[in-house]
Student: 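Sharing a structure here in structure tokens format.
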Amino acid sequence: MPFATGRRPERLTVILVLLTGVTGVVEAVSFLGLGHVFTAVMTGNVLFAGFGLAGGSIQAAGPLAALAAFAAGAGGGHWMHGVLLRWRGRRWLAFALAGEGVLILVAALLALLLGDRLGQDPQRFAVIVPLALAMGSRNATVLRVAAHDLPTTVVTRSLAGLFMLSSLETAGRRFATVAATFAGAVLGTLLLGVHPAVPLLVAAAVEVAAGAICPPAKA
């Protein structure tokens, strides 16, 4: 079992739902502000890369860069988890989430520095890369704690599960996942109108705060 109690604490369930909302915020910035590229939903990037390489209207460079950074984040995150386990024991998860928040903060600061050049090549890649690194690490984190019902970056399975026979508790988690993604997308889009760095700063703050209140866990 991934947790000291043998069962996932309710506090962590709430944290995972909040992180799902963070994904919505981040994707609003990346898709609307960085040239139609995802930094968490890699299914979209695989499709966009295929469209672009086949001569479609979408440029393949952004999705390919995000895919590469996401893969590096997943691999690097997996390695870092081992380091954190040896260094911090059951507090490793808190530090992993905080580290992902720092990567989002870096993206926010770069967005501030780039200003009006944010949506241009090659400047936009400076923000795409740390965001995709953070989301790749996030996926490695969720897999390590075996939170398969709350993956935090996709809602397809949760949405399908809403229409299947399940307990009220399971249905509630699935609905919360979909609702958090939607709410995050709305919030991210609204804040994007102020400045692209603003929603990223909010996302980073939530991620770091989630790490600060995260319960102990073991791999």
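Atom set for the values below is all heavy atoms of this structure, side chains included, hydrogens, waters and symmetry mates excluded.
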Student: So which of L113, V106, L114 actually passes side-chain contact (heavy atoms from CB on, under 4.5 Å) with V127?
Tutor: L114

Student: Can you pull the salt bridge (Lys or Arg N to Asp or Glu O under 4.0 Å) pairs that have at least one residue in residues 104-122, sequence neighbours excluded?
Tutor: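 Non-adjacent pairs meeting salt bridge (Lys or Arg N to Asp or Glu O under 4.0 Å): D121-R124.
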
Student: Would you say T13 and E10 are linked by a side-chain donor-acceptor pair, where the criterion is simply a distance under 3.5 Å?
Tutor: no

Student: Quick check against the 3.5 Å criterion: does E27 have a side-chain atom that pairs as donor or acceptor with the backbone of T39?
Tutor: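 At least one qualifying donor-acceptor pair exists.
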
Student: Looking only at heavy atoms, which two atoms of V25 and A203 are closest? And how far apart?
Tutor: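 Reported closest heavy-atom pair: CG1-CB, 4.2 Å.
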
Student: Locate the shortest heavy-atom distance separating A60 from A49; write the atom from each residue and the value.
Tutor: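 A60 and A49 have their closest heavy atoms at CB-O, 4.0 Å.
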
Student: For V208 and A98, work out which heavy atoms get closest and say how close.
Tutor: CG2-O, 4.0 Å

Student: Might you work through the side chain to side chain contact (heavy atoms under 4.5 Å, CB included) test for F48 and L67, ending with a clear yes or no?
Tutor: CA-CA 11 Å; F48 287 166; L67 281 165; over 6 Å; no

Student: Looking at side-chain heavy atoms only, is the closest gap between L159 and R174 below 4.5 Å?
Tutor: no

Student: For N45 and F38, indicate whether the former's side chain and the latter's backbone hold a donor-acceptor pair under 3.5 Å.
Tutor: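 Present.
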
Student: Which atom pair, heavy atoms only, marks the closest approach of E207 to L97?
Tutor: CG-O, 3.2 Å

Student: Evaluate L150 against V142 for side chain to side chain contact (heavy atoms under 4.5 Å, CB included), listing each step before the verdict.
Tutor: CA-CA 8 Å; L150 288 167; V142 172; over 6 Å; no

Student: Report whether M42 and L133 are members of the same hydrophobic cluster (ILVMFWY, side-chain heavy atoms less than 4.5 Å apart, transitive linking).
Tutor: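 No; tracing contacts between hydrophobic side chains, which count when under 4.5 Å, never links both residues.
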
Student: Just by modelled atom types, is the V154 backbone N or O under 3.5 Å from a matching donor or acceptor in the S158 side chain?
Tutor: no

Student: Give me each pair satisfying salt bridge (Lys or Arg N to Asp or Glu O under 4.0 Å) with a member in residues 97-111, each pair once, sequence neighbours excluded.
Tutor: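 Found E100-R138.
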
Student: Do the side chains of F182 and L19 join up, straight or via other hydrophobic residues, at under 4.5 Å, putting them in one cluster?
Tutor: no

Student: Side chain to side chain contact (heavy atoms under 4.5 Å, CB included), that's the test. Do L32 and T189 meet it? Break it down for me.
Tutor: CA-CA 8 Å; L32 299 176; T189 303; 3.6 Å; yes

Student: If hydrophobic clusters are built from ILVMFWY residues whose side chains come within less than 4.5 Å, do L190 and V198 share one?
Tutor: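 Hydrophobic grouping puts L190 apart from V198.
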
Student: To the closest 0.5 Å, what do you measure between CG (L103) and CG (L131)?
Tutor: 9.0 Å

Student: Let me confirm one number: the CG-OG1 distance from N139 to T152, rounded to the nearest 0.5 Å.
Tutor: 6.0 Å

Student: Looking at NE2 of H78 and OG of S137, how far apart are the two atoms once the value is rounded to the nearest 0.5 Å?
Tutor: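 If I round to the nearest 0.5 Å, the distance is 11.5 Å.
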
Student: With rounding to the nearest 0.5 angstrom, report the CG to CG distance, L53 to L64.
Tutor: 5.5 Å

Student: Is it true that L118 and L200 fall in one hydrophobic cluster, defined by side-chain heavy atoms closer than 4.5 Å?
Tutor: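 In one cluster with L118: L200, yes.
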
Student: To the nearest 0.5 Å, what is the distance between CZ on F51 and OG on S57?
Tutor: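 So the CZ of F51 and the OG of S57 are separated by 9.5 Å.
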
Student: Return yes if some donor-acceptor pair links the side-chain N/O of R88 with the main-chain N/O of L93 below 3.5 Å, else return no.
Tutor: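 Pair absent, no side-chain N/O of R88 close to backbone of L93.
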
Student: Below 4.5 Å, heavy atoms only, C-beta onward: do W87 and W92 meet side chain to side chain?
Tutor: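 Of all side-chain heavy-atom pairs linking W92 with W87, none is under 4.5 Å.
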
Student: Looking at every non-hydrogen atom in both residues, tell me the closest pair between H81 and T141 and how far apart they are.
Tutor: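 Looking at all heavy atoms of both residues, the closest pair is NE2-OG1, 3.0 Å.
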
Student: Do V178 and T20 come close enough that some side-chain heavy atom pair is under 4.5 Å?
Tutor: no

Student: Using only atom types and a distance under 3.5 Å, with no angle test, would you say the side chain of S30 pairs donor to acceptor with the backbone of V37?
Tutor: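 Present.
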
Student: Do you know the tightest heavy-atom contact between A94 and G211?
Tutor: CB-O, 3.0 Å

Student: Are L192 and I104 connected in a single hydrophobic cluster, I mean Ile/Leu/Val/Met/Phe/Trp/Tyr linked by side-chain heavy atoms less than 4.5 Å apart?
Tutor: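 Hydrophobic grouping puts I104 with L192.
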
Student: Nearest 0.5 Å please: distance from the CG atom of L112 over to the CG atom of L201.
Tutor: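 It comes to 6.0 Å.
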
Student: Going by heavy atoms in the side chains, are P130 and L110 under 4.5 Å from each other?
Tutor: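 They are in side-chain contact.
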
Student: Step through the shown structure and confirm whether more than 12 heavy atoms of other residues, nucleotides or ligands are within 6.0 Å of CD on Q59.
Tutor: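 12 or below, so no.
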
